[in-house]
Novice: 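Questions regarding the structure given below will be posed in turn.
Per chain, numbering begins at 1; letters A, B, ... match sequence-line order.
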There are 2 protein chains.
Amino acid sequence: MKSVSIKDIAREAGVSTTTVSFVLNGKAEEKRISPDLKNKILKLAQSLNYKPNQLARGLRTGSTQTVALIVEDISNIFFANISKVIEDELDRFGYRLMYCSTENNDKKAVAIMEMLLQRQIDGFIITPTIGIRKILEQLAANQAAMVLIDRYFPDLPISYVAVDNYAGAFQSVAFMINQGYSNIGIVTIEYEQVQMERRYQGYEDALRAHDIPIKPNLIQKIPFGLAATDAVEAISNFVSREPAMNAIFFTTNYLGTYGIESLKLLRKNIPSDMAVISFDDSDLFRLNSPSITVVRQPFEEIGHNAVRIILDQLLGKSRELRQVILKPSLIVRESVKQPVPG
Amino acid sequence: MKSVSIKDIAREAGVSTTTVSFVLNGKAEEKRISPDLKNKILKLAQSLNYKPNQLARGLRTGSTQTVALIVEDISNIFFANISKVIEDELDRFGYRLMYCSTENNDKKAVAIMEMLLQRQIDGFIITPTIGIRKILEQLAANQAAMVLIDRYFPDLPISYVAVDNYAGAFQSVAFMINQGYSNIGIVTIEYEQVQMERRYQGYEDALRAHDIPIKPNLIQKIPFGLAATDAVEAISNFVSREPAMNAIFFTTNYLGTYGIESLKLLRKNIPSDMAVISFDDSDLFRLNSPSITVVRQPFEEIGHNAVRIILDQLLGKSRELRQVILKPSLIVRESVKQPVPG
DNA sequence: CTGAAAGCGCTTACAG
DNA sequence: CTGAAAGCGCTTACAG
């Protein structure tokens with residue numbers, strides 16, 4: 001499948017590749033190329049089904065007009081939603097989006113970054129894993145166009161867009177307390193990253209603010225990447241082990257999903273046996289019977305902000321450090337009700 | 001951020017770029033380069049943090065070691081599952097996967113194909129939209145490495161991997177009939193593509209095989225891409241309009257999800273008011289109360305087969321036309337029960 | 001054992 | 001108004 005090049009067009013048209021290149025790049029007027037010649041070249045390109053080779057163009061210009069989006073898992077609805085916003089927006093500025101999932105695996109994340117760097121990607125929108133900190137530092141030192149989303153390194157001079165995880169968690173737990181719950185557990189991820197730490201801290205502080213003691217056995221940490229069945233089992237054990245616990249805060253959507261499965265297996269009724277709030281929204285939470293109260297992250301705003309920041313960098317408008325923290329919102333549904341007294 | 005090239009390494013090492021290239025490509029032995037020199041170059045590349053420029057390499061060799069996966073919607077769990085299988089498998093053969101979503105939009109699909117063609121992608125795994133038929137024909141004529149998944153053009157000489165949609169639908173509807181239902185409706189997508197046609201045909205034939213007349217008013221077609229709220233409304237109207245209908249077959253996962261929402265809004269009980277089966281599985285179907293009976297597609301097998309076919313083409317092992325049809329399986333859960341007599 | 005040179009398909013400063 | 005030429009960073013056939 002030998003593709004046609006500007007050389008082919010030039011030969012057919014009887015002109016130089018320079019002229020063809022000018023015309024094809026819309027510089028005919030600027031370069032004062034005659035309209036007749038311009039049209040001839042355009043027609044020829046069309047009829048030969050010419051497709052510019054972006055590798056050659058990228059090699060020559062140093063720009064691929066491509067932005068990479070690196071997330072934890074593109075099939076997670078939270079990231080899928082964000083990526084759609086980002087893709088649509090970038091498209092309007094002539095940038096292509098290339099997405100990659102790290103699965104929160106440092107090795108995979110490093111490999112992805114290497115791969116992207118080799119492909120001369122213009123800009124990066126990244127949900128970082130801890131293991132790529134070094135790479136990000138280097139990129140930052142090299143003035144690469146880059147913005148972090150969802151999670152970030154507070155001490156690194158890299159722009160980010162995130163959500164007030166602390167407030168989202170605090171608000172959720174406070175809501176449960178105000179509804180009369182006091183034996184509130186938390187299921188979170190055993191992974192030392194800001195966003196999860198902040199959610200955990202919101203949980204603790206909400207309890208403390210209401211003079212409720214923190215009980216270590218109401219805290220369940222699940223290792224990241226645990227197989228679904230194992231995670232469900234861990235949560236089931238946790239629930240069975242703590243009969244006094246009557247409410248659980250799940251710090252992310254898949255944990256909430258596992259939780260619903262566990263409670264279903266245990267035949268625990270939501271909310272009469274167990275009140276539930278999860279971070280992140282999903283069809284499952286919305287349509288579950290009863291529907292699940294959630295902390296919704298404003299993914300449209302996250303996407304918009306990330307694109308604005310990366311474009312400012314790419315278009316050379318601004319390289320200033322931006323640290324955007326957006327407010328999540330508690331969507332009250334049916335999974336937290338006044339508990340039966342006694 | 002000027003990156004280091006083999007020229008830099010060559011200069012530092014006091015050798016030619018040829019030698020550096022040989023070493024970096026693991027041809028030191030073959031080209032009989034002295035071990036000392038080899039190590040020196042390797043060390044140098046390491047310490048200079050050399051990253052090969054894949055654009056240059058791709059331009060020169062004509063191969064980018066990249067396969068594109070074009071699906072309808074990467075956030076649909078069915079496609080997300082397939083893509084993970086494909087990505088992992090290709091990775092083991094040194095190929096990168098680049099994924100794109102068409103959203104079943106012909107214009108977007110064409111734009112994606114153009115973009116990929118310009119980027120010298122080595123192979124294509126495609127869930128085609130109707131509008132890219134022409135492009136696929138051209139690619140096929142040019143011997144491009146390519147395989148279609150999920151849907152295909154039966155009359156085009158292009159390999160594909162799909163599921164026996166007819167059998168899946170037939171089995172579902174026959175199951176409902178055997179459970180005692182006879183007023184079985186169908187909610188499908190108004191879109192003229194094989195896979196949906198086959199599912200619809202399975203529905204019709206199952207009814208016919210059991211001497212149940214086809215009633216046009218039990219057939220609801222939803223335009224593809226209809227906003228969620230509108231689709232839910234359309235299904236609600238459909239359900240309300242046909243009080244005699246006591247079972248519905250949904251031909252794809254998001255329709256099933258809309259259906260559950262509609263039934264919930266209408267306060268219809270599954271299965272006592274309405275039995276439900278949907279094509280494709282999901283957490284929502286599995287965890288819903290009651291859990292939803294589904295036709296599960298063997299996504300692992302789909303992915304494996306697609307990769308095997310594309311690799312055979314890429315590695316030049318085989319270009320033969322392969323038409324793989326896999327069997328889906330009915331997963332019986334709680335959403336179809338014997339209806340109350342009368 | 002190693003290197004000079006051509007060339008992949010573009011873009012663009014320079015010249016006329 | 002248009003073209004010859006250099007060069008982006010690689011790989012590789014050819015030569016010695």
Novice: Strictly by side-chain hydrogen bond (donor to acceptor under 3.5 Å, both in side chains), give each pair with a member in residues 23-34 of chain A just once, sequence neighbours left out.
Specialist: A/S21-A/N25, A/N25-A/R57, A/E29-A/K38
Novice: Strictly below 4.0 Å, heavy-atom distances to any atom of DNA chain D: list the hits from residues 48-63 of chain A, or just say none.
Specialist: A/L59, A/R60
Novice: Within residues 13-32 of chain B, which residues have any heavy atom lying less than 4.0 Å from an atom of DNA chain D?
Specialist: B/T18, B/S21, B/F22, B/N25, B/K27
Novice: Check each of A/I149, A/I309, A/I70 against A/I125 using the side chain to side chain contact (heavy atoms under 4.5 Å, CB included) test, and report the only one that passes.
Specialist: A/I149
Novice: Apply salt bridge (Lys or Arg N to Asp or Glu O under 4.0 Å) to B/D122 and list each qualifying residue two or more places apart in sequence or on a separate chain.
Specialist: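 Residues passing salt bridge (Lys or Arg N to Asp or Glu O under 4.0 Å) with B/D122: none at all.
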Novice: Could you pull out every donor-acceptor pair under 3.5 Å between side chains of residues 44-52 of chain B and any protein atom, sequence neighbours left out?
Specialist:
{"unit_1": "B/S47", "atom_1": "OG", "unit_2": "B/K43", "atom_2": "O", "d": "3.4"}
{"unit_1": "B/S47", "atom_1": "OG", "unit_2": "B/L44", "atom_2": "O", "d": "3.2"}
{"unit_1": "B/N49", "atom_1": "OD1", "unit_2": "B/K51", "atom_2": "NZ", "d": "2.8"}
{"unit_1": "B/K51", "atom_1": "NZ", "unit_2": "A/E114", "atom_2": "OE1", "d": "3.4"}

Novice: Take B/V23 and B/V15, measure what side chain to side chain contact (heavy atoms under 4.5 Å, CB included) needs, and give me the verdict at the end.
Specialist: CA-CA 11 Å; B/V23 171; B/V15 298; over 6 Å; no
Novice: Using atom P in both nucleotides, what's the gap between D/dC1 and C/dT12 to the nearest angstrom?
Specialist: 22 Å
Novice: Show your working on salt bridge (charged side-chain N to carboxylate O under 4.0 Å, His left out) between A/R151 and A/E72 and close with a plain yes or no.
Specialist: CA-CA 10 Å; A/R151 54 202 79 168; A/E72 181 178 301; 2.7 Å; yes
Novice: Taking the side chain from B/T127 and the backbone from B/V71, do they hold a donor-acceptor pair closer than 3.5 Å?
Specialist: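 No: the side chain of B/T127 does not pair with the backbone of B/V71.
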Novice: Under the rule for side chain to side chain contact (heavy atoms under 4.5 Å, CB included), what residues qualify as partners of A/N105, not counting sequence neighbours?
Specialist: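 A/N105: side chain to side chain contact (heavy atoms under 4.5 Å, CB included) contacts with A/K107, A/K108.
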Novice: Is there a donor-acceptor contact under 3.5 Å from the side chain of B/N81 to the main chain of B/F78?
Specialist: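 Not confirmed, B/N81 side chain does not pair with B/F78 backbone.
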Novice: Starting at CG of B/L148, measure out to CD of B/Q323 and round the result to the nearest 0.5 Å.
Specialist: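 Going from the CG atom of B/L148 to the CD atom of B/Q323 covers 10.0 Å.
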Novice: List in numerical order all residues of residues 33-47 of chain A for which some heavy atom is under 4.0 Å away from an atom belonging to DNA chain D.
Specialist: A/I33, A/S34, A/L37
Novice: Does B/Y152 have any ring pair (Phe, Tyr, Trp, His ring centres under 6.0 Å) partners at least two apart in sequence or in another chain, and if so, which?
Specialist: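 Here the qualifying residues are B/Y160.
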Novice: Report the residues that fulfil salt bridge (Lys or Arg N to Asp or Glu O under 4.0 Å) with A/E137, sequence neighbours left out, ordered by chain and then residue number.
Specialist: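 Checked A/E137 against salt bridge (Lys or Arg N to Asp or Glu O under 4.0 Å); matches are A/R133.
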Novice: Under the rule for side-chain hydrogen bond (donor to acceptor under 3.5 Å, both in side chains), what residues qualify as partners of B/R119, not counting sequence neighbours?
Specialist: A/T66
Novice: Can you tell me which stems DNA chain D forms when a stem means 3 or more consecutive Watson-Crick or G-U pairs under 3.5 Å?
Specialist: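 So the stems come out as C:1-3 with D:14-16, C:5-12 with D:5-12, C:14-16 with D:1-3.
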Novice: Do any N or O atoms from the side chain of B/T64 and from the backbone of B/Q120 form a donor-acceptor pair under 3.5 angstrom?
Specialist: yes
Novice: Taking only the C1' atom of each, what is the distance from C/dT2 to D/dT11 in whole angstrom?
Specialist: 16 Å
Novice: Is the backbone of A/I74 close enough, under 3.5 Å, to the side chain of A/S101 for a donor and an acceptor to pair up by distance?
Specialist: yes
Novice: Along DNA chain D, 5' to 3', what are the outermost nucleotides having an atom less than 4.0 Å from a heavy atom of chain B?
Specialist: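 Span of nucleotides near chain B: D/dC8 to D/dA13.
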